[in-house]
Structure formats: C-alpha cells, structure tokens
Amino acid sequence: MKRNLGMFGVALLILSLIVAVILGFMAGPTSPLPWLLVAILVAIPFIYRKLAAKPYIEWKDEYSVGIDSIDQQHRKLINLINQLSTAVDYSTGEEFEREALAELVEYTKTHFVYEEGLMEDNGYPDFEAHRAQHRAMIAEVGIVLTEYEKDHDKAMSHAVDYLKEWLINHINGTDKQYSSFLIGKGVH
Ligand SMILES: [Fe+2]
Ligand SMILES: [Fe+2]
C-alpha cells in the first residue's frame with residue numbers, strides 16, 4: 001500500500017514535469033528551464049530506486065555464535081538475503097527474483113538441517129523447541145511462496161522483509177542459546 005502510494009506520487013510528479021516541459025518549450029525553446037526539467041525527469045528513476053532501496057544487512061561480530069561452520073553459513077544466508085533485496089529493488093526481472101528467492105529458501109533449509117544435526121547429535125536439551133522454530137519458519141515461507149504466485153510485487157516485498165527480520169532475530173537470539181552448550185561439547 002505504502003509502495004503503491006509512493007509510486008502514485010512519483011507518477012503524478014512525472015506527469016506534472018512533462019506538462020511543465022511542454023509548456024516551457026511552448027513559451028520559448030531557448031529558455032534553460034525546460035531543459036533542466038528534462039534532466040530532472042531523466043534522473044527520477046535513479047533517485048526513486050535509491051530512496052526505495054532496502055538497506056543491506058551487514059555481518060556484525062555480535063551475530064557470531066562462536067562456531068565457525070555455523071557463522072559461515074549465517075554469513076552466506078545474509079549474502080543471499082542481500083542478493084534477493086537487490087533483485088527486488090532493481091527490478092532485475094522475474095526470473096532473477098525467482099532464482100534469488102529459491103536459492104535463499106533452499107540454503108535456509110540446508111542450514112537448518114545442519115544445525116539440527118549438530119544439536120541432536122550432541123544432545124542439546126532445547127533441540128525440539130529450536131527445531132519447532134525452524135519448522136514454523138519453513139511453513140511461513142511456504143505461505144509466502146503461494147502468495148508470490150498470486151501477487152508478485154506484494155509477496156516479494158513481504159518475503160524480503162519477513163526473511164530478513166526472522167533470520168537476523170533467530171541468528172542473534174535462538175541460535176546463540178546453543179553456543180556455550182555446543183562449544184562445551186567440542187563443536188567448533
Ligand atoms: Fe542458524
Ligand atoms: Fe536455528
């Protein structure tokens with residue numbers, strides 16, 4: 001909705017500028033004003049994309065769970081989220097968007113399997129609750145993917161926001177809770 005309103009505003013601005021350019025040229029083609037307005041018109045898509053772009057996530061040391069293999073996977077997840085954000089923000093096309101989304105979902109599942117294996121093999125007491133969180137997330141992603149087939153733009157924006165928030169909160173919260181237990185078991 002917010003995005004639609006924003007796009008409506010931009011469309012209105014572009015229309016007003018076009019009218020102003022036509023009026024400017026009718027008043028006299030030697031005036032620099034219409035040319036300036038043409039330059040603004042050309043720049044609008046670039047400015048709009050920059051403003052609408054979602055901020056990239058950067059890896060922070062505080063995200064570390066103290067286990068190298070998992071930190072590397074979490075870093076890769078963050079890269080894949082950023083790749084998806086780029087695909088969406090810069091309208092790189094549906095195929096590229098689909099690929100970025102599918103790659104993120106697939107790698108998330110691979111990562112969950114790896115993490116669950118470590119927890120289960122080492123007898124982590126909160127294993128079941130942690131796995132339940134992973135499963136709830138995968139179920140939610142399934143809903144988002146179904147939405148995507150109905151309304152690409154809306155679902156994609158929702159997917160990026162949801163995945164970003166969920167993964168960062170999970171990495172920085174639930175995942176950290178197993179750190180000392182697994183490290184104590186010799187996992188590194
Ligand atoms: Fe994780
Ligand atoms: Fe996890």
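Quick caveat, the model's predicted, so the values are computed rather than measured. First listed ligand is number 1; within each ligand, the first listed atom is number 1.
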### Query
Can you list the steps and then say if H130 with Y178 is a ring-ring contact (aromatic ring centres under 6.0 Å, His included)?
CA-CA 9 Å; H130 196 130; Y178 59 57; 5.6 Å; yes

### Task
Apply side-chain contact (heavy atoms from CB on, under 4.5 Å) to the pair F127 and N122, showing each step before the final yes or no.
CA-CA 10 Å; F127 166 63; N122 289 284; over 6 Å; no

### Query
When you look at T174 and N169, which way does the side-chain contact (heavy atoms from CB on, under 4.5 Å) test go after all the steps?
CA-CA 8 Å; T174 314; N169 286 341; over 6 Å; no

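Protein atoms that are N, O or S and lie under 2.8 Å from the Fe ion (ligand 1) are these: H74 NE2, H111 NE2, E115 OE2, D175 OD2.
A 4.5 Å side-chain heavy-atom check between D71 and I67 finds every atom pair outside the cut-off.
Ring planes of W166 and H170: parallel class, angle under 30° (limits at 30 and 60°). Ring geometry for F112 against H134 counts as parallel: the plane angle stays under 30°, on a 0 to 90° scale with 60° as the upper cut.
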